[in-house]
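As structure tokens, the structure follows; a few thoughts come after it.
In listed order, ligands and their atoms are each counted from 1. Counting begins at 1 with the first residue of the sequence.
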Amino acid sequence: MDMEFSRAGPSDLATIAAFDEQAGDPGRRTWLEDSLRRREVHLLSVDGAACAYGVLEDFFGHAFVSLLYVAPARRRQGLGAGLLAHLCGVAATPKVFSSTNLSNAPMHALFARQGWTVSGLLTHLDDGDPEVVYVRVPR
Ligand SMILES: CC(C)(COP(=O)(O)OP(=O)(O)OC[C@H]1O[C@@H](n2cnc3c(N)ncnc32)[C@H](O)[C@@H]1OP(=O)(O)O)[C@@H](O)C(=O)NCCC(=O)NCCS
């Protein structure tokens with residue numbers, strides 16, 4: 001499996017929309033367009049086909065992974081883990097933060113697997129499903 005990482009730009013919108021099931025959602029679309037414009041999106045291609053992306057932005061002066069997304073057909077093949085490790089490698093700060101809903105069991109498992117620790121809990125974002133904030137502190 002040949003994994004290739006690249007920094008995405010506005011011209012990659014259609015490529016991402018082709019595998020992101022939520023790209024049709026207007027809120028997601030606008031956020032993605034803004035993130036692409038700010039050059040915060042990192043694309044993962046496998047054997048030449050784009051199938052995952054991650055967004056790396058600023059959070060109180062630290063790097064923050066605000067989204068990790070793997071095409072449904074490509075999940076449980078190590079791509080999310082590879083992309084998250086790549087984002088930590090290119091992050092501009094040693095400490096990297098991220099977050100996910102309390103209900104997102106796959107993402108909690110991935111954070112645990114890669115040695116992330118819980119930093120805090122944010123309530124009142126999504127009703128009834130708090131946001132768990134994680135941090136990866138370099139050893
Ligand atoms: C969460 C997500 C990024 C994981 O990507 P992935 O490529 O499937 O993850 P990987 O194959 O790299 O998994 C690495 C490890 O994470 C854990 N994991 C991942 N998915 C899991 C699942 N569905 N159930 C349990 N553990 C899971 C496992 O420990 C796994 O290792 P293993 O397969 O050897 O057991 C993917 O499910 C996804 O895109 N979900 C939708 C978007 C989302 O919710 N993003 C997170 C919020 S920012």
Side-chain angles (χ1 to χ4, degrees):
M1 188 161 67
D2 178 30
M3 281 202 219
E4 190 188 335
F5 300 95
S6 60
R7 181 77 72 101
S11 63
D12 293 300
L13 179 64
T15 301
I16 293 172
F19 67 82
D20 180 353
E21 279 184 323
Q22 290 169 46
D25 173 67
R28 171 76 148 236
R29 189 90 172 191
T30 304
W31 175 77
L32 183 54
E33 282 170 354
D34 290 344
S35 302
L36 285 165
R37 211 172 297 118
R38 290 193 294 262
R39 310 281 298 172
E40 294 172 344
V41 182
H42 297 256
L43 204 52
L44 167 56
S45 301
V46 175
D47 299 330
C51 55
Y53 72 102
V55 180
L56 198 50
E57 51 188 279
D58 178 77
F59 178 69
F60 294 103
H62 296 279
F64 182 78
V65 177
S66 52
L67 181 66
L68 197 68
Y69 186 92
V70 177
R74 302 306 304 252
R75 289 181 191 165
R76 293 311 286 270
Q77 298 168 29
L79 303 186
L83 183 56
L84 189 57
H86 173 77
L87 294 175
C88 290
V90 299
T93 59
K95 263 189 278 184
V96 181
F97 288 81
S98 188
S99 72
T100 194
N101 285 107
L102 186 59
S103 64
N104 194 336
M107 198 60 209
H108 292 291
L110 177 46
F111 282 133
R113 185 81 183 260
Q114 294 208 338
W116 291 62
T117 53
V118 172
S119 165
L121 192 72
L122 297 175
T123 58
H124 298 90
L125 288 174
D126 290 336
D127 286 340
D129 194 5
E131 193 75 11
V132 183
V133 180
Y134 279 84
V135 62
R136 186 181 163 280
V137 181
R139 287 165 194 276

Fill in: Heavy-atom protein contact below 4.0 Å for atom 34 (O) of ligand 1
yes
Item to complete: For atom 14 (C) of ligand 1, grab the closest protein heavy atom and report residue, atom and distance to one decimal in Å.
Response: L110 CD1, 3.8 Å
Worksheet entry | Same apolar cluster (I L V M F W Y, side chains within < 4.5 Å links), L68/L32 | no
Worksheet item: Quick one: does ligand 1 sit under 4.0 Å from the side chain of R76, the backbone, both or neither, non-hydrogen atoms only?
Response: both
Discussion item. With heavy-atom distances below 4.0 Å as the criterion, list the atoms of ligand 1 near N104.
Written reply: 43 (C), 44 (O), 46 (C), 47 (C)
Practice prompt. Just need the protein heavy atom nearest to atom 41 (C) of ligand 1, so name the residue and atom and give the distance.
Written response: R75 NH2, 3.5 Å
Discussion item. Please check whether Y69 reaches ligand 1 - meaning an N/O of the residue sits under 3.5 Å from an N/O of the ligand, judged on distance alone.
Written reply: no
Worksheet entry | Any donor-acceptor pair under 3.5 Å from D129 side chain to S103 backbone | yes
Discussion item. Just by distance, no angles: are the side chains of E4 and S45 close enough, under 3.5 Å, to form a donor-acceptor pair?
Written reply: no
Worksheet item: For atom 7 (O) of ligand 1, what's the nearest protein heavy atom and its distance?
Response: G80 N, 2.8 Å
Worksheet item: Which atoms of ligand 1 are found less than 4.0 Å from any heavy atom of G78?
Response: 10 (P), 11 (O), 12 (O)
Worksheet item: Does D12 use its side chain to pair, donor to acceptor, with the backbone of G9 at less than 3.5 Å?
Response: yes
Practice prompt. Assess whether atom CG of D127 is packed by more than 12 heavy atoms of other residues, nucleotides or ligands within 6.0 Å.
Written response: no
Practice prompt. Go through ligand 1 atom by atom and flag the ones less than 4.0 Å from a non-hydrogen atom of T100.
Written response: 47 (C)
Fill in: Nearest protein heavy atom with distance in Å, relative to atom 18 (N) of ligand 1
P106 O, 3.8 Å
Practice prompt. Answer yes or no: is there a donor N or O on one side and an acceptor on the other, between the side chain of R75 and the main chain of V70, under 3.5 Å?
Written response: yes
Discussion item. If we ignore hydrogens and angles and just use 3.5 Å, is the side chain of D2 paired with the main-chain N or O of V46 as donor and acceptor?
Written reply: no
Worksheet entry | Per-atom contact, atom 2 (C) of ligand 1, protein heavy atoms, under 4.0 angstrom | no
Worksheet item: atom 32 (P) of ligand 1: which protein heavy atom is closest, and how many Å away?
Response: R113 NH1, 3.2 Å
Worksheet item: Relative to the heavy atoms of Q77, which atoms of ligand 1 are at a distance of less than 4.0 Å?
Response: 11 (O)
N/O donor-acceptor pairs under 3.5 Å from side chains in residues 88-96, not counting sequence neighbours:
{"residue": "T93", "atom": "OG1", "partner": "A63", "partner atom": "N", "Å": "2.8"}
{"residue": "T93", "atom": "OG1", "partner": "K95", "partner atom": "O", "Å": "2.8"}

Worksheet entry | Close N or O approach (A81, ligand 1; < 3.5 Å) | yes
Worksheet item: Ring centres of F111 and W116 under 6.0 Å apart?
Response: yes
Practice prompt. Rounded to the nearest 0.5 Å, what's the gap from OG on S66 to CH2 on W31? Could you check?
Written response: 4.0 Å
Discussion item. Residue-level breakdown please: for V70 versus ligand 1, do any non-hydrogen atoms fall below 4.0 Å on the side chain, on the backbone, on both, or on neither?
Written reply: both
Practice prompt. Say whether A109, considering both its backbone and side-chain N or O atoms, lies within less than 3.5 Å of an N or O atom on ligand 1.
Written response: no
Discussion item. Checking a contact table here: which protein heavy atom is nearest atom 48 (S) of ligand 1, and how many Å away?
Written reply: L68 N, 3.7 Å
Worksheet item: Is it true that a side-chain atom of E21 and a backbone atom of A17 form a donor plus acceptor pair closer than 3.5 Å?
Response: no
